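Inspection log for the structure reproduced underneath, given as structure tokens.
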Amino acid sequence: MSSAPPRPDLPTNLDAGFFARDVVDVARELLGATLLVDGIGGVIVETEAYDQHDPASHSFSGPTRRNGAMFGPPGRAYVYRSYGIHWCLNFVCGEAGHGSAVLVRALEPTTGIGTMVARRKLSDPKALCAGPGRLAQALGITIDHDGRSLAAPPFQLLPRTGPAAAIIAGPRIGISKAVDHPWRFGVAGSRFLSRPFPKA
DNA sequence: GGTATGATTGACT
DNA sequence: GTCAATCATACCA
């Protein structure tokens, strides 16, 4: 299914140690990192944090068949089907068994754009990866990726190289509980966000 | 066994 | 702005 080779020329993956920390910190620090799946992807510009004590989190009621990966070791993917139609990609964080994860909501496409356009059947780069379902479709994410290590193929997760961009925070999107937690994070001013952030 | 509900998107009025 | 698509999971009987 992949159309581009991996990129061994690029720097080291973020490893499990990066994710074995507070999920909110990880969500913020993931901004600017580069996510590639089979060599296709871009720079993370929007994330959301979820943890087990959070009523909006899938892990709130404990482990189930669907969210099992969330309770596994950090540094792995948690993939679930949303609204019966879309796949959404998360990175498991914190200590193993604690059920916290970062939802990756938007990327700035940089690598393999042609493949993403083909998968998404549309050419506007602003809409290629602006939203968790769109991002998963563009990167070819499916349940097959659930529980897979982010430090091994097909994933490549590369640390931010340049200076940290300004970060904006706001309420998470699409949830009905704990809406007051400002655990959605984005690169301020990015044109590739899934939605604008409410004005501070 | 049945039924309600989404961490969404795209099409349409 | 509204709303249908579409299905695995969760929850109840």
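As the structure is a computational prediction, the values presented were derived from the model and not from experiment. Below, read A as the first sequence line, B as the second, and so on, with proteins coming before strands; counting in each chain starts at 1.
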Nucleotides 4-11 of chain C: which of its N/O atoms have a protein N/O under 3.5 Å away?
from, atom 1, to, atom 2, distance (Å)
C/dT6, O2, A/Y83, O, 2.6
C/dA10, OP1, A/T64, OG1, 2.3

(request) Take atom CZ of A/R134 and atom P of B/dA11, then tell me their distance rounded to the nearest Å. (result) 10 Å
(message) Can you measure A/L122 atom CG to B/dT9 atom C1' for me and round it to whole angstrom units?
(response) 12 Å
(message) Quick one, A/H98 with A/F71, criterion ring-ring contact (aromatic ring centres under 6.0 Å, His included). Give me CA distance, side-chain angles, the key distance, then yes/no.
(response) CA-CA 6 Å; A/H98 280 208; A/F71 290 89; 9.2 Å; no
(request) Could you tell me whether the side chains of A/S149 and A/R76 share a donor-acceptor contact shorter than 3.5 Å? (result) no
(message) Suppose we call two aromatic rings close when their centres sit under 6.0 Å apart. Are A/F60 and A/H53 close by that rule?
(response) no
(request) Provide, to the nearest angstrom, the distance between the CG atom belonging to A/D124 and the P atom belonging to B/dG10. (result) 11 Å
(request) With P as the reference atom in both, quote the distance from C/dA4 to B/dA4 in angstrom, rounded to an integer. (result) 16 Å
(request) Rounded off to whole Å, could you give me the CG-to-P distance for the A/D51 and B/dA7 pair? (result) 15 Å
(request) Starting from the C-alpha separation in whole Å, work towards a yes-or-no answer on ring-ring contact (aromatic ring centres under 6.0 Å, His included) for A/Y50 and A/H58. (result) CA-CA 8 Å; A/Y50 291 86; A/H58 290 171; 7.4 Å; no
(request) Can you tell me the distance, in whole Å, between the CZ atom of A/F91 and the C1' atom of B/dA7? (result) 15 Å
(message) Using whole Å, what does the distance between atom P of nucleotide B/dG10 and atom CG of A/L135 come to?
(response) 12 Å
(request) Check the distance between B/dT9's P and A/L128's CG and give it to me in whole angstrom. (result) 13 Å
(message) Side chains of A/S59 and A/Q52 only: does a donor on one sit below 3.5 Å from an acceptor on the other?
(response) no
(request) Would you classify A/R195 as touching base, sugar-phosphate or nothing, given that sugar-phosphate means primed atoms plus P, OP1 and OP2, and contacts are heavy atoms under 4.0 Å? (result) nothing
(request) Answer yes or no on whether A/R21 is positioned over the face of A/F19, meaning its NZ or CZ is under 6.0 Å from the six-membered ring centre and within 45° of the axis. (result) no
(message) Is the terminal nitrogen or CZ of A/R184 (NZ for Lys, CZ for Arg) located under 6.0 angstrom from the six-membered ring centre of A/F197 and within 45° of that ring's axis?
(response) yes
(request) Decide, yes or no, whether a salt bridge links A/D54 with A/R172 under the criterion of side-chain N to carboxylate O below 4.0 Å. (result) yes
(request) Using distance alone, with no hydrogens and no angle criterion, decide if A/Q137 and A/R120 have a side-chain donor and acceptor under 3.5 Å apart. (result) yes
(message) Stem list for DNA chain B, please, built from Watson-Crick and G-U wobble pairs under 3.5 Å and keeping only runs of at least 3.
(response) B:1-6 with C:7-12, B:8-12 with C:1-5
